Structure formats: structure tokens, C-alpha cells
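The chains referred to below are lettered A, B, ... by the order of the sequence lines, with proteins before strands, and numbering in each begins at 1. Since we're looking at a predicted model, the values are computed, not measured.
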Amino acid sequence: MSESAAPGIDTAFPLSPEMRAAIIAHARREAPRECCGIIAGRDGAPVRVYPTTNIAEGNRFYEIDPKELADLEFRELPNENAEIVAIYHSHPASPAYPSRTDVELAFWPEAVYLICSLEDPDKPYIRGFTIRDGQIAEVTLPA
Amino acid sequence: MASESTVQVLIPTPLRRFTDGESRVEVSGATVGDALDALEARFPGIDERVRDDSGQIRRFVNLFVNGQNVRDRDGIATPLSPGDELGIIPAMAGGSAA
């Protein structure tokens, strides 16, 4: 069985301008805390952003509320014939690159990990990665 | 001693490689721990992702019985009733520290 959610999504992730804007808006709302959420997809194509609650303490960690995640993974998304294709979180004051913590806690290797940096508040940006067996690989996002 | 109950285990995407892609598996057990034992017997290797060497639920895994987190109940000793759903959810977590 492939580790990938969908063919091709590992190397290029078609993040739409609307999804990009939604993630940046969420990151700005949560700052200085980290925001987090998932993107649901169908047939390999991302279809909807789901902001979730960050239950971690402090401003430098995130953990998606496991109850919200369970409801999405086991109820809401299967009912819509969708699945989790990406996980996003923000780095409010650092670059958009997976931290050691991000790599250690990457328990969903099939998903693309999107990171939104607010390091320069006027120039937020998002990069995408796969994190598998401790290895980080960049995923191309639309310009 | 509680009697065994047949329950549905909901398997998250990252653990479906242990279950031949199945998202829902039926097992029997009187408690969450029993159900995990039965799951491991059928799909060797999966329990190592759920429990640590001391048999406790891993810090970055949550288990839900009918939507209720077993950490808020009796952990792996939480009793199961026929038809219960036991959901396994690995954390989505990380951070910008370090």
C-alpha cells in the first residue's frame, strides 16, 4: 500500500489562493500562538480547509484537539467521501521549515505538512513538506 | 470479571498499513486493553504504535470510546459494551521550538 494519499500530491500540492488566504488569516488570528488545522481532499484534490483548536500550551507548540480530529477522521470526512490530505500549522516568529519537534511528532506520513511563517508580519508565506521516517522533503506549491 | 464484547475499532489512515487498508475492524474484549490485545493478535505490530513498553497509551495517541476520550475514563481499563466504537487517533502536533 502506498504511503501517499494520492499520486503526485507528494511532489506538488495544488493549494488554491483561497486556501492559502484562509491559512494565513487563521495564523494571524492565533498569533502569537501557533494555529493548526487540516485540509480535506477528494480524489487527491484538496477541497476544504478545516481550522481546528490548538490544545498545546504556550506560543511555540501545536496539538490539534484530538476530539476534533477523531470526529473529522472517522465521521465527517468519510461521510463526505473525503480524507485528510494536509495538516497545517503556523510558525509565528520563525521560518516555514519543519522544526525538530515537527519531525519527531510527524505521525501522519501520508499527509502534506504545510507551515505558515509570520516571521515577517507583512510577508506571510507557506511552504509544504512531506515528513516520513524523519526525512523532510519539500512539496511544490503554486506560486 | 466483565464478559467480552464485540466492538468496532476505527483505524486512522496512518495505521491502515497494518490492517490491509481496513478503516474499521471488529474485535472482542471486555476492556480497551483487551480490544488492543485482540487487535495486535490479528495485526502484529499495530499495538506498538498505540501503547508504550509499560502498556500505557502513548503520550501522542488518544483513544475514544463512542467519542469519549479514555483518558477521561479509566484508560486501558475502560470497559467496553457490545457495539462500542473504539477510535485510535495519533496526534497531529509539533511546534516551532527547537
Side-chain angles (χ1 to χ4, degrees), chain A residues 1-3 5 33-34 36-38 52 54-75 77-78 83-111 113 115 117-119 131-132, chain B residues 7-27 32 35 39 43-52 56-73 75 78 83-98:
Chain A
M1 190 179 156
S2 169
E3 289 254 298
R33 281 176 53 74
E34 297 192 10
C36 54
I38 63 109
T52 58
N54 177 6
I55 63 163
E57 293 180 4
N59 294 338
R60 300 189 70 188
F61 293 97
Y62 79 96
E63 182 175 355
I64 291 180
D65 183 328
K67 170 70 171 142
E68 292 176 26
L69 182 55
D71 288 344
L72 285 164
E73 171 77 354
F74 295 132
R75 306 248 171 261
L77 302 185
E83 60 185 355
I84 294 170
V85 294
I87 302 161
Y88 72 86
H89 73 284
S90 60
H91 284 179
S94 58
Y97 192 80
S99 67
R100 197 174 66 211
T101 311
D102 290 333
V103 174
E104 285 172 0
L105 302 182
F107 299 119
W108 293 70
E110 297 85 354
Y113 282 80
I115 304 176
S117 172
L118 299 180
E119 188 176 25
I131 308 174
R132 293 175 183 157
Chain B
V7 302
Q8 301 281 322
V9 185
L10 309 180
I11 310 294
T13 307
L15 299 186
R16 288 178 198 162
R17 65 188 181 86
F18 292 97
T19 61
D20 302 319
E22 290 299 317
S23 59
R24 187 175 274 265
V25 173
E26 198 170 271
V27 301
V32 168
L39 191 67
F43 304 108
I46 193 169
D47 193 46
E48 192 264 340
R49 302 302 184 94
V50 180
R51 289 187 286 187
D52 62 22
Q56 296 306 304
I57 302 164
R58 289 189 178 279
R59 159 69 183 88
F60 287 103
V61 174
N62 284 282
L63 303 179
F64 292 88
V65 173
N66 301 336
Q68 188 175 16
N69 197 325
V70 305
R71 290 189 204 280
D72 301 327
R73 296 182 63 189
T78 302
D84 279 356
E85 289 186 331
L86 171 61
I88 303 172
I89 279 288
M92 285 184 182
S96 53

Chain A heavy atoms under 4.5 Å from Arg59(B): which part of the residue, side chain, backbone, both or neither?
-> side chain
Using modelled atom types only, decide if a donor and an acceptor are shared between the side chain of Lys67(A) and the backbone of Gly67(B) within a distance under 3.5 Å.
-> yes
Flag for Thr13(B)-Glu83(A): side-chain donor and acceptor within less than 3.5 Å = no
Chain B contact via Phe74(A) - side chain, backbone, both or neither, heavy atoms under 4.5 Å = side chain
Contacts of Glu22(B) that satisfy side-chain hydrogen bond (donor to acceptor under 3.5 Å, both in side chains) - sequence neighbours left out | none
Donor-acceptor contact present, side-chain Glu63(A) to main-chain Ala91(B), <3.5 Å | no
So, the part of Leu15(B) with a heavy atom under 4.5 Å from chain A: the answer is neither
Of the backbone (N, CA, C, O) and the side chain (C-beta and beyond), which part of Ala56(A) lies under 4.5 Å from a heavy atom of chain B, both, or neither?
-> neither
Smallest heavy-atom separation, Ser96(B) atom then His91(A) atom, equals CB-CD2, 3.5 Å
Nearest 0.5 Å, what's the CD1-CD distance between Ile88(B) and Glu73(A)?
-> 11.5 Å
Say whether, by atom type as modelled, one donor and one acceptor occur between the side chain of Asn62(B) and the main chain of Pro66(A) under 3.5 angstrom.
-> no
Kindly compute the distance separating CE (Met92(B)) from CZ (Phe107(A)), expressed to the nearest 0.5 Å.
-> 11.5 Å
Side-chain heavy-atom pair Pro78(A), Ser23(B) within 4.5 angstrom cut-off | no
Could you tell me which portion of Phe60(B) (side chain, backbone, both or neither) has an atom closer than 4.5 angstrom to a non-hydrogen atom of chain A?
-> both
Atom CZ in Phe64(B), atom CG in Leu69(A): separation rounded to 0.5 Å?
-> 8.0 Å
Under 4.5 Å from any heavy atom of chain B - which part of Ile38(A) | side chain
Looking at Arg24(B), Gln68(B), Arg49(B), Glu85(B), which one has more heavy-atom pairs under 4.5 Å with chain A than the rest?
-> Glu85(B)
Answer with side chain, backbone, both or neither: which region of Ile87(A) has an atom nearer than 4.5 Å to a non-hydrogen atom of chain B?
-> side chain
Charged N-O contact under 4.0 Å between Arg17(B) and Glu110(A) = no
